[in-house]
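Throughout, protein chains are lettered first and strands after them, A, B, ... in sequence-line order, and every chain is numbered starting at 1.
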Amino acid sequence: MSETTTEKPTDFIRAIIAEDLASGKNGNRVATRFPPEPNGYLHIGHAKAFGLNFSIAQEGPNRTCNLRFDDTNPIKEEDEYVDAIMEDIRWMGYEWDNLFFASDYFPQLYDWAVQLIKAGKAYVDDLSADEIREYRGTLTEPGKNSPYRDRSVEENLDLFARMKKGEFPDGSRVLRAKIDMTSPIINLRDPVMYRILHATHHRTGDEWCIYPMYDWAHGQSDSIEGITHSLCSLEFVNHRPLYNWFLEELEIYHPYQYEFARLNITHTLMSKRKLRQLVEDGVVSGWDDPRMPTLRGMRRRGYTPEAIRTFIDNVGVARANSTVEFAMLEHAVRDDLNTVTPRVMAVLDPLKVVIENYPVGQTEWVEVPDYPQHADDTRTRKVPFSRELYIERDDFAEVPPRRYRRMTPGVEVRLFSAYYVTTTAVVKDAEGNVVEIHATYDPESRGGQTPDGRKVRGTIHWVSAEHAVDAEVRLYDVLFSAEFPEDVTEGQDFTVNLNPTSLETVTAKVEPSLADVAPGSRFQFMRNAYFVADSTDHSAEHPVFNRTVTLRDSWAKIASN
RNA sequence: UGCCGGAUAGUUUAAUGGUAGAACAGUGGACUCUGAAUCCAUUAGUCUUGGUUCGAAUCCAGGUCCGGCAGCCA
């Protein structure tokens with residue numbers, strides 16, 4: 001890892017860290033943490049957050065990053081998510097220094113709560129949830145004190161101990177910090193620290209029936225772990241005064257919280273609740289549907305962790321709310337896949353070509369480069385060539401548009417790595433649709449060039465009809481056609497913005513080598529797009545490929561003008 | 001209407017009182033056994049009004065617009 005102490009910080013958080021290091025604020029130490037709640041799957045927005053935390057820890061000596069599950073709400077959390085979250089973080093290429101659970105700190109948190117009660121800084125409140133809301137006031141009006149606010153320390157201690165023992169039903173009492181019911185910062189109007197929940201926790205089982213709220217658990221967990229820079233998203237700015245208040249009242253090690261803008265991408269949603277709705281309503285096939293912005297979905301779509309990391313780096317870290325164009329993500333993915341993937345030939349919309357002067361029944365195996373994008377990579381494979389081929393329907397035009405470079409009557413083009421061919425005849429059905437074309441080839445052009453060195457304008461891909469394998473090809477597009485799916489008019493739901501053609505399935509004719517490929521392998525289908533063999537449905541008997549991202553298509557621009 | 005944030009090309013982000021720069025997107029071209037990739041060129045920006053200063057994106061004041069906060073969620 002590079003030593004960045006001499007490099008210029010790339011964002012305001014790293015700038016703060018550099019300053020703190022220079023001033024000796026935390027000794028020579030930097031400690032971050034990623035604190036997911038194990039109640040759902042990670043998406044690319046989380047990747048920005050944990051990427052930031054883990055990367056910072058890699059950028060110098062004496063730096064650590066913990067993974068801490070924020071499991072303070074037994075009703076919503078499950079072990080299944082714990083495992084999935086760890087798997088996704090590792091897939092992205094990161095490893096934590098320590099694995100912790102906020103629930104590990106329940107005993108310490110309890111002791112600290114008792115300490116606050118003794119200091120007269122916390123009290124048991126018997127008000128109902130509705131009453132607490134009423135007493136809290138509004139954004140513009142101050143709240144008022146609970147009638148239970150001035151209970152004696154002894155009574156609070158007794159009641160709190162009995163809350164812990166399980167003597168009271170859910171919702172009957174809470175422990176609140178005694179701060180200021182008139183504060184303009186609503187988080188400071190005597191926030192709830194503990195609620196009674198007779199629920200089984202995924203780790204502590206039935207040991208506890210009172211559970212700490214986020215604000216009470218989070219800063220103290222950071223303190224216990226010696227976190228120096230507690231990074232979170234902008235919606236917690238309002239919580240910072242409370243974060244600091246607890247640490248100061250407790251007089252314990254004081255980490256500091258810094259907030260940055262979360263990641264938003266056009267045509268995409270990051271709301272866990274809405275993503276869940278898509279899964280539950282069957283709009284997508286699951287959390288790992290290739291159209292989902294979840295890391296599992298993106299993995300199945302064929303995105304690489306490297307591409308996602310590059311994308312996140314390119315987006316940067318700032319304090320202004322923003323939405324990145326989807327195109328920026330696509331660029332990062334193409335850029336990585338371009339260097340990494342072998343090129344193969346697959347015809348998605350087949351049109352038969354008969355080479356009239358090619359011997360009936362003959363097959364030759366032509367040598368095709370696997371990595372033509374790398375001049376010095378000489379790996380090749382053999383692809384069968386025969387008299388009848390499939391080409392892309394788009395690669396033939398009886399009446400060529402301006403600047404067209406593909407097959408058209410009388411014009412010679414190159415079949416990639418094979419031969420030069422010239423269209424001689426067009427076969428049509430009763431409705432006048434082109435159903436087949438005939439051509440002649442030049443036997444001298446084997447391998448894709450001729451002894452006389454003559455040039456052809458176009459090169460197209462092909463597969464031998466006899467040897468082609470049928471493959472299910474899933475053409476994915478953005479899940480939402482609207483740039484901002486959550487922007488809807490009154491009374492409408494975000495689902496009105498769903499893209500009706502986010503998935504189109506076709507049966508393609510692919511070169512035979514693709515049947516044997518391992519699930520998860522990535523390719524460029526030449527002149528078309530990047531694809532990945534589906535991780536769950538692909539098999540040699542039934543090949544399935546998912547489109548990761550299309551190639552840039554400058555012909556589309558030319559053709560539309 | 002209280003408090004807290006924020007505002008730089010179409011988008012994201014640099015510039016911390018001294019030449020407003022990059023990436024993506026766009027446009028034009030070169031090259032090409034992928035109309036890909038690559039290369040070259042190019043369009044385009046400091047929310048506003050004042051103030052401080054030799055000099056302001058940056059500091060100060062007012063305004064405008066956008067976002068967050070009233071869970072016993074995180």
Side-chain angles (χ1 to χ4, degrees), chain A residues 8 10-11 15 35-37 39 70-73 75-77 125 127-129 132-134 136-143 170-176 183-189 191-197 210-211 213-215 217-218 232-241 259 261 263 266 272 311 313-332 334-335 338-339 343 345 368-369 372-374 403-406 414-418 447-449 455-461 524-529 550-559:
Chain A
K8 203 169 150 199
T10 53
D11 55 70
E37 183 186 16
N39 72 338
D70 221 330
D71 56 351
T72 55
N73 187 347
I75 294 167
K76 297 166 66 178
E77 296 147 7
D125 196 348
L127 253 26
S128 70
I132 285 181
R133 189 179 321 115
E134 282 165 33
R136 187 151 36 223
T138 68
L139 294 176
T140 51
E141 298 159 318
D170 288 4
S172 58
R173 284 175 230 264
V174 292
L175 183 74
R176 302 178 71 175
S183 174
I185 302 164
I186 291 180
N187 282 305
L188 257 23
R189 319 239 263 230
V192 172
M193 294 168 62
Y194 277 98
R195 73 287 214 186
I196 301 173
L197 247 28
I210 56 171
Y211 288 92
M213 299 290 291
Y214 165 86
D215 287 302
H218 201 86
C232 63
S233 49
L234 250 24
E235 69 261 35
F236 291 100
V237 171
N238 298 321
H239 295 245
R240 189 170 0 112
E259 311 87 8
L263 175 65
T266 57
K272 246 187 225 177
F311 166 70
D313 279 353
N314 292 343
V315 167
V317 182
R319 270 178 78 82
N321 289 308
S322 61
T323 303
V324 179
E325 286 178 350
F326 190 77
M328 206 182 269
L329 211 209
E330 289 191 307
H331 174 263
R334 287 191 187 110
D335 200 41
N338 175 47
T339 76
R343 310 289 126 117
M345 294 194 284
V368 178
Q373 76 274 34
H374 300 308
R403 297 173 71 179
Y404 193 73
R405 291 193 209 154
R406 289 111 92 157
R414 173 166 39 227
L415 297 176
F416 183 76
S417 282
Q449 49 205 336
K455 302 277 187 211
V456 289
R457 294 258 324 205
T459 300
I460 64 174
H461 60 278
Q524 185 196 100
F525 287 6
M526 283 192 82
R527 304 205 308 131
N528 191 319
T550 61
L551 255 34
R552 287 189 55 169
D553 184 5
S554 56
W555 167 246
K557 265 174 251 166
I558 297 168

What is the distance, rounded to the nearest whole Å, between atom OH of Y211(A) and atom P of C73(B)? 13 Å
Answer with yes or no whether H374(A) presents, from its side chain, a donor or acceptor under 3.5 Å of a partner atom in the base of A37(B). no
Under 4.0 Å between any heavy atoms, over every strand shown, what does S554(A) touch: base, sugar-phosphate, or nothing? Just pick one. sugar-phosphate
Of the candidate nucleotides G71(B), G35(B), U12(B), which contains the atom at the shortest distance from the side chain of I558(A)? G35(B)
In this structure, CG of L127(A) is separated from CZ of R173(A) (nearest 0.5 Å) by 11.5 Å
Side chain S233(A), main chain E235(A), donor-acceptor under 3.5 Å: no
Taking only the side-chain nitrogens and oxygens of K272(A), find out if one of them lies under 4.0 Å from OP1 or OP2 of A74(B). no
Of all the nucleotides listed (A25(B), G71(B), U34(B)), which has the minimum atom distance to the side chain of R136(A)? G71(B)
When we call it a touch if two heavy atoms are under 4.0 Å apart, what does R403(A) touch: a base, just sugar-phosphate, or nothing? base
So R319(A), base contact, sugar-phosphate only, or nothing? Heavy-atom distance under 4.0 Å. sugar-phosphate
Counting only Watson-Crick or G-U wobble pairs whose two distances fall under 3.5 Å, which nucleotide matches G2(B)? C69(B)
Suppose we call a contact any N or O donor and acceptor under 3.5 Å apart; does that hold for the side chain of E141(A) and the base of U1(B)? no
Send over the distance from N73(A) CG to G71(B) P, rounded to a whole Å. 16 Å
Which base sits across from A22(B) as a Watson-Crick or G-U pair, both distances under 3.5 Å? U12(B)
Under 3.5 Å for both donor-acceptor distances, Watson-Crick or wobble: does C59(B) have a partner, and if so which one? G51(B)
So which nucleotide does U64(B) pair with, by the Watson-Crick or G-U wobble rule with both distances under 3.5 Å? A7(B)
Round to a whole Å and report the spacing from CD of E235(A) to C1' of G67(B). 11 Å
What's the closest nucleotide to the T140(A) side chain, out of U1(B), A74(B), G71(B)? U1(B)
Counter-base of A41(B), judged by Watson-Crick or G-U geometry with both distances under 3.5 Å: U27(B)
With a cut-off of less than 4.0 Å, is there a side-chain N or O of R406(A) near OP1 or OP2 of G35(B)? no
Determine whether a donor-acceptor pair (one donor, one acceptor, N or O, separation below 3.5 Å) exists between the side chain of N238(A) and the base of G68(B). yes
Of the nucleotides A74(B), G35(B), C73(B), which has the atom closest to the D553(A) side chain? G35(B)
Does F326(A) reach a base, just sugar-phosphate, or nothing at all? Heavy atoms under 4.0 Å. nothing
Of all the choices, C72(B), C3(B), G35(B), which nucleotide is nearest to the side chain of R195(A) once you look at every atom? C72(B)
Which of these nucleotides, A25(B), A74(B), G2(B), is closest to any side-chain atom of E325(A)? A25(B)
May I have the distance from I185(A) (atom CD1) to G68(B) (atom P), rounded to whole angstrom? 18 Å
Regarding the side chain of T138(A), the nearest nucleotide among U34(B), A70(B), C4(B) is A70(B)
Without decimals, in angstroms, what is the distance between N39(A) CG and G71(B) P? 19 Å
OP1 or OP2 of C24(B) under 4.0 Å from side-chain N/O of H331(A): yes
Does E37(A) reach a base, just sugar-phosphate, or nothing at all? Heavy atoms under 4.0 Å. sugar-phosphate
Can you tell me if the side-chain N/O atoms of T72(A) get under 4.0 Å from OP1 or OP2 in C73(B)? no
Touch class at under 4.0 angstrom, heavy-atom based, for L127(A) against every strand present: base
Quick one: H218(A) NE2 to C73(B) C1', roughly how many Å, whole number? 14 Å
NA contact type, V456(A), heavy-atom cut-off 4.0 Å: base, sugar-phosphate, or nothing? nothing
Both distances under 3.5 Å, Watson-Crick or G-U wobble: report the partner of G35(B), or none. none
Can a side chain N or O of T459(A) be found less than 4.0 Å away from OP1 or OP2 on G35(B)? no
Is R552(A) side chain donor-acceptor paired with the G35(B) base, going by distance under 3.5 Å alone? no
Which whole-number value in Å describes the distance from N187(A) CG to C73(B) P? 14 Å
Minimum-distance nucleotide (side-chain atoms of P184(A) versus U12(B), C4(B), G2(B)): G2(B)
State, with a plain yes or no, whether a side-chain heavy atom of N321(A) is found less than 4.5 Å away from one of L234(A). yes
Whole-Å distance, L139(A) CG to G68(B) P, equals 12 Å
